[in-house]
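See structure below.
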Amino acid sequence: MNRDSIVKRSSQPSLLDSGEDFEMLDNADEDSSGDDLPPLEDAGGGESKEEHHSREPARTKDTTLEVSTTQDEWQDVLGNGHLKKKVLEPGQGPDSRPLRGQIVQINVKSFLSDGIMVEEQLGLSFTLGDGDVIQALDLVVQLMEIGEKALVETSAKYAFGVIGSETLRVPPDADLTLHVQLLSTGASPDFELMNPTEKVTLAGVKRERGNMYYQRGDYTFAVNSYSIALQIAETSSKVDISFEEEAELLEMKVKCLNNMAAAQLKLEHYEAALRSCVSVLTHQPDNVKALFRKGKVLALQGEYAESIQTLKRALKLEPSNKTIHTELSKLVKKHSEQKGMEQAMYKKMLGNPPDAILQPQRFKSWGLNWKWLFGATAMAIGGVALSVFIAARN
């Protein structure tokens with residue numbers, strides 16, 4: 001199955017938590033299996049058009065579209081004015097519209113608001129709804145018919161956001177105009193019929209897309225991409241699989257879970273992050289990244305004693321890791337401060353503990369003296385009474 005054009009591999013260095021190596025996601029460079037994937041964009045063509053600004057073709061195209069678009073009205077896709085679609089040329093009818101999960105193929109040209117074309121992709125294939133492309137395309141293509149040509153106007157929110165795209169030279173907060181044609185739709189991929197190499201490759205592409213979302217701070221989309229990659233890696237195969245291939249799939253699964261835990265931590269979904277870490281440690285008990293993130297989750301949940309033990313275990317595996325050292329030191333100090341606060345609170349509730357302890361001992365000593373005096377007095381009274389009784393009888 002041809003999944004080549006799903007997403008462009010990023011050649012940029014990872015931007016997430018660059019100050020702490022240990023908070024980095026599992027790098028895509030660790031997967032040599034995905035390095036031969038062709039890029040999503042035609043990088044050479046895009047660069048050339050950007051360098052020469054391609055102003056004349058963009059303006060000519062825009063003028064033609066302005067004449068055509070007067071025939072139909074704009075459709076406000078989300079009802080907020082940030083994503084609008086206009087049909088330029090109708091397709092084969094509503095029944096030909098694609099469904100989420102299907103593979104679609106489109107032609108798309110992307111322009112900045114000043115008419116400069118930043119990207120042209122011909123025959124782009126992707127799984128609809130998986131987050132393989134910018135959100136504007138994922139949403140609009142679902143509303144298109146096969147053969148339809150449409151003009152799309154999207155705000156930066158559904159394109160490249162507040163960060164923009166250095167690769168495509170899209171500035172931050174840039175609105176885009178897209179010229180889109182839906183060429184064809186295909187069936188949803190059947191993961192069970194994929195061989196292990198295809199699974200690892202496709203899961204790697206989805207995971208890298210998740211890494212891109214993480215780097216941009218779109219943690220919800222990152223979790224979605226990691227979940228899809230995990231689903232691919234975990235799906236049982238109807239084809240024969242070797243021990244080595246099974247180990248390769250397991251390694252991909254562990255990477256997806258580790259990266260997912262990092263994104264879930266950013267979203268403050270602590271229970272979900274803890275489950276992801278536990279799943280990793282079920283397969284790899286000495287996975288340092290999973291131990292570290294588990295320790296952080298436990299600390300955030302107030303489980304300081306267990307968190308300290310988990311981080312000590314991680315530090316034992318990597319004694320020279322400065323990030324673990326720093327986190328463990330901060331946690332031990334915080335735990336000590338918490339214990340001091342608890343002791344002060346108990347002292348305030350119960351009074352002065354030393355006085356409370358000594359006071360019963362004084363009462364205990366006096367209690368023994370009174371018992372002795374009472375016994376002696378009773379014996380004396382008994383003796384007098386016996387003497388009186390004997391005298392009276394005589």
Side-chain angles (χ1 to χ4, degrees), residues 14-27 30 207 210-211 213-215 217-224 226-227 230 250-251 253-358:
S14 181
L15 302 177
L16 55 128
D17 296 337
S18 56
E20 296 185 29
D21 290 343
F22 207 73
E23 278 297 283
M24 303 283 282
L25 294 180
D26 293 316
N27 292 326
E30 294 174 0
R207 185 175 67 87
N211 289 355
Y213 281 125
Y214 189 102
Q215 292 168 7
D218 295 330
Y219 303 119
T220 300
F221 285 103
V223 170
N224 179 66
Y226 295 143
S227 298
L230 189 61
L250 177 60
E251 185 65 26
K253 177 181 176 180
V254 165
K255 288 179 180 179
C256 292
L257 286 167
N258 255 333
N259 291 3
M260 189 184 297
Q264 289 163 337
L265 266 171
K266 294 291 187 181
L267 291 169
E268 298 183 1
H269 296 171
Y270 300 137
E271 285 297 331
L274 185 60
R275 287 194 297 270
S276 297
C277 294
V278 170
S279 295
V280 172
L281 296 171
T282 300
H283 300 291
Q284 296 180 358
D286 292 337
N287 189 292
V288 180
K289 289 183 179 179
L291 286 170
F292 177 78
R293 289 178 182 133
K294 180 183 177 183
K296 290 193 70 173
V297 172
L298 290 170
L300 290 167
Q301 292 179 325
E303 302 291 341
Y304 295 115
E306 187 177 355
S307 175
I308 290 172
Q309 292 302 315
T310 303
L311 291 178
K312 283 182 176 179
R313 182 178 166 192
L315 189 61
K316 185 177 180 180
L317 293 167
E318 287 192 9
S320 60
N321 193 304
K322 294 181 180 179
T323 306
I324 305 178
H325 270 290
T326 302
E327 190 70 23
L328 186 57
S329 298
K330 289 192 298 185
L331 189 57
V332 170
K333 182 180 178 181
K334 192 171 183 179
H335 186 38
S336 177
E337 290 173 352
Q338 186 197 43
K339 288 177 68 176
M341 290 173 62
E342 288 177 352
Q343 290 175 355
M345 181 182 67
Y346 292 147
K347 186 175 181 180
K348 185 176 181 180
M349 290 173 60
L350 303 175
N352 193 337
D355 293 340
I357 293 172
L358 293 173

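Checked against side-chain contact (heavy atoms from CB on, under 4.5 Å), Tyr213 has the following partners two or more places apart in sequence or in another chain: Arg209, Asp218, Phe221, Ala222, Ser225. For Leu317, the side-chain contact (heavy atoms from CB on, under 4.5 Å) partners are Asp286, Val288, Leu291, not counting sequence neighbours. When the side chain to side chain donor-acceptor pair (under 3.5 Å) test is applied to Gln309, no partner is found at least two apart in sequence or on another chain. Scanning for side-chain contact (heavy atoms from CB on, under 4.5 Å) contacts around Ser227 gives Val223, Met260, with sequence neighbours left out. Judged as a side chain to side chain donor-acceptor pair (under 3.5 Å), and not counting sequence neighbours, Thr310 has no contacts. A search for side chain to side chain donor-acceptor pair (under 3.5 Å) contacts involving His283 returns Lys253, not counting sequence neighbours. Applying the side-chain contact (heavy atoms from CB on, under 4.5 Å) rule to Asn224 yields the partners Ile228; only residues at least two apart in sequence or on another chain are considered.
The minimum heavy-atom distance linking Asn321 with Thr323 is given by the pair OD1-N, 3.0 Å. Across all their heavy atoms, Tyr214 and Tyr219 have their closest contact at O-CE2, 3.6 Å.
Side-chain contact between Leu257 and Tyr226 is absent, with no heavy-atom pair separated by less than 4.5 Å. Counting heavy atoms from C-beta on, the side chains of Lys289 and Glu318 never come closer than 4.5 Å.
In this structure, Thr282 OG1 and Asn287 CG are separated by 11.0 Å, a value rounded to the nearest 0.5 Å. Atom CG of Leu315 and atom OG of Ser320 lie 9.0 Å apart (nearest 0.5 Å). Note: Leu265 CG to Leu274 CG = 9.5 Å, rounded to the nearest 0.5 Å. One finds the CD atom of Glu327 at 4.5 Å from the NZ atom of Lys330 (value rounded to the nearest 0.5 Å). To the nearest 0.5 Å, atom CG of residue Asn258 and atom SG of residue Cys277 are 7.0 Å apart. How far OH of Tyr304 is from CG of Leu311: 12.5 Å, rounded to the nearest 0.5 Å.
With hydrogens and angles disregarded, no donor-acceptor distance shorter than 3.5 Å links the side chain of Arg293 to the backbone of Ala273.
Applying the side-chain hydrogen bond (donor to acceptor under 3.5 Å, both in side chains) rule to pairs touching residues 270-280 yields Gln264-Ser276, Glu271-Gln301, sequence neighbours excluded.
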